[in-house]
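Below, chain A is the first sequence line, B the second, and so on; all start at residue 1.
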Number of protein chains: 2
Amino acid sequence: MATLGDVAARAGVSISAVSRVLSDAPDSRVSAATRERIVDAARELNYRPNFAGRALKSARTQVVGLVVPDITNALFTELMHGAEDEATERGYTVLLGRSDDVRPGGEVIARLIGEGRVDGMALQVGDAVQPAGLRDLLTAQAPIVLVNSSIPGHVGSVTLDDHHGALIATQHLLELGHERIAFANGLPRSFTAKRRRTGYKLALAGARVRVPKEYETRIGYTVDNGRTALHRLMALDPKPTGVVVANVNAAVGLLGEARKAGIRVPEDLSVVTVHDSWTAENTWPPLTAVKMQFYTVGRTAVRSVIRRIETGETSDEVVTDPPPELVIRESTASPRSA
Amino acid sequence: MATLGDVAARAGVSISAVSRVLSDAPDSRVSAATRERIVDAARELNYRPNFAGRALKSARTQVVGLVVPDITNALFTELMHGAEDEATERGYTVLLGRSDDVRPGGEVIARLIGEGRVDGMALQVGDAVQPAGLRDLLTAQAPIVLVNSSIPGHVGSVTLDDHHGALIATQHLLELGHERIAFANGLPRSFTAKRRRTGYKLALAGARVRVPKEYETRIGYTVDNGRTALHRLMALDPKPTGVVVANVNAAVGLLGEARKAGIRVPEDLSVVTVHDSWTAENTWPPLTAVKMQFYTVGRTAVRSVIRRIETGETSDEVVTDPPPELVIRESTASPRSA
DNA sequence: TATCGTTGCGCAAACGATTGAGCAGGTGGT
DNA sequence: ACCACCTGCTCAATCGTTTGCGCAACGATA
């Protein structure tokens, strides 16, 4: 690979001149003729600035880390796309990391930051992660922005409008005439689950509808968790006529299990999920869902990280624009008894 | 962040001594006592070698790029996991890149290699990519291994056993008694489509079954392509009683469209897909599928890249172990007329 | 007692890019 | 004619790490 020195030699100038021209420094003070010779030489040699050299000198990598608990998740890919688009526009690169590694996540983050591989990162901690190990990293003033998660005392976060999303989903069932509305939620310690819960409760309260507290399960967000939730809810008496599922993966599992159990959707049970994704429209019946703006969250998170890196400003943001959006498909209908 | 110099100062030795001890060079020739002081100092300062410094000096980043056309694809996440696991075991990191960017892919690759961000890469080119722009990169002796794709003249590749996979899928339908077996394939120029095609044909030939050539559609691998394929196939006379779909996304689309069209699966039409993924088991009916070893392909590809980097050896490999595996669910049955 | 090999380190030169300082030569003002 | 200033470059230090070489001190051998 060609270096600055090679280009300089070919153009008959010094390395500094080349560096200044190619990184177009504001006060390069180079004549038009020389500039042209340099640019030509660089093109002819197909020069590209060496990443390590630049990073070493400038102490900047122009890379932001994106660490999420589970890459497999269909929802995550949207977030990733948003993050990439924003990064690219601003001259950064995204380095993807898993936090579901052997180590509970802290080690990956410490490496990325500690070895100087990234300038900052967007971090989504899973529900299973103890915040304890991360505490020192965050207090170390590293440019870390939390995504859809929270660690007490940390400033710098970007989250979905979970509250609003769950509210819309619940209101949809209310408007269809349901009153026995269950809620298949995530684990109690989950940050997002807490927020979705308040949305659900607020919607019910707003309609002056009361349900037994067993109507809320707090099992988790996986496909299997959804299957379990279905069994728990349908064992209740009276059975719910509608269920708000806090996560699309769990909804897919719940739907599959309902079919196995001979429960017809939407005739016997209406199902609405928070989160839309391409999996939701390809289930049977296609799932009515509240589309959450993961793409925008990805963009916003990266923007926030970069702002933190470049100006030091921090902020806690909730993505409300565009707002969560109800996508009506075929898994919801009015209750039969109504 | 602590540097080698900081550790050296604290341990009262030279930088070289620290470097040799911490990177445990074979001939470090350092006394046990000194070694201990160095190790202690490093731990106390929480020393981590600076990535850029190391990369600059050694001209190695210990990073392999993984570039695929579409991150969103459910199949890809398996490949990614395999790649990550293999890389981690060997002390490498994976840098993920998209080739579905504005540029047709060549630019991303040229940057990653040209700027020295990666030591080598595993590259899956989409069916839409013209190999022309990549030709010079590959002849430039860059350590690039192709994944499930091919560019004429390039050595270094790792592929699925597509042939075998399609063969198994077709044989499954044959064994159920089907004879009018259609094939919803990818685009004609697709490398994998060609290979799956031969497997399909070989299975039919082996059973001495002949079908009209309209029984093969060559539309593509997306959900929508699958929908289109269903319409094309069911417009034929006689209709097929079973269909092998070359890709799970297309199969999901085909299944959804069949339901809309009132075609019952598997009563009216048996559907088997090449590729298993978690989406396949959550459709209705759950899809019978041939599980292809994407995880192993990811591992093998990264292993191959690293071998290429470290020893210069190249190879073209087909992942045959473990072999493709038929997972029978509920989308296939014996034909009604039989 | 010279010579030699070994042990236990330190010195200093790279790697490629950035950037403040410096230095000729020319131009303008007085 | 002298000084100041601007233009158009070059010099050289620096980032953190690796690594070939050198050099004391010391024990062993001749």
Residue pairs, two or more places apart or on separate chains, that pass salt bridge (Lys or Arg N to Asp or Glu O under 4.0 Å) and touch residues 2-13 of chain B: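 The answer is B/Arg10-B/Glu44.
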Donor-acceptor contact present, side-chain B/Thr311 to main-chain B/Glu313, <3.5 Å: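 Indeed, once roles are kept as given, a pair shorter than 3.5 Å links the two residues.
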A side-chain contact here means heavy atoms from C-beta on lying under 4.5 Å apart; do [X] and [Y] qualify?
X: A/Ile38; Y: A/Leu22; value: yes
X: A/Val18; Y: A/Val13; value: yes
X: A/Tyr92; Y: A/Ile306; value: yes
X: A/Asp162; Y: A/Met292; value: yes

Salt bridge (charged side-chain N to carboxylate O under 4.0 Å, His left out) between A/Glu86 and A/Arg303, intermediate numbers included: CA-CA 7 Å; A/Glu86 183 75 20; A/Arg303 190 182 324 136; 3.3 Å; yes
Sugar-phosphate, base or nothing in reach of B/Tyr47, heavy atoms under 4.0 Å: sugar-phosphate
d(CD, B/Glu115; P, C/dA17) in whole Å: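 Rounded to the whole Å, the gap is 11 Å.
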DNA chain C: 5'-proximal contact among B/Ala32 and A/Leu56 (nearest heavy atom): B/Ala32
Sugar-phosphate or base contact per nucleotide [nucleotides 19-28 of chain C; S, B, -; heavy atom under 4.0 Å]: BBBB------
Span of DNA chain D in contact with chain B (heavy atoms, under 4.0 Å): D/dG16 to D/dG22
Stepwise salt bridge (charged side-chain N to carboxylate O under 4.0 Å, His left out) test for A/Arg299 and A/Glu317: CA-CA 12 Å; A/Arg299 280 197 93 106; A/Glu317 301 178 55; over 6 Å; no
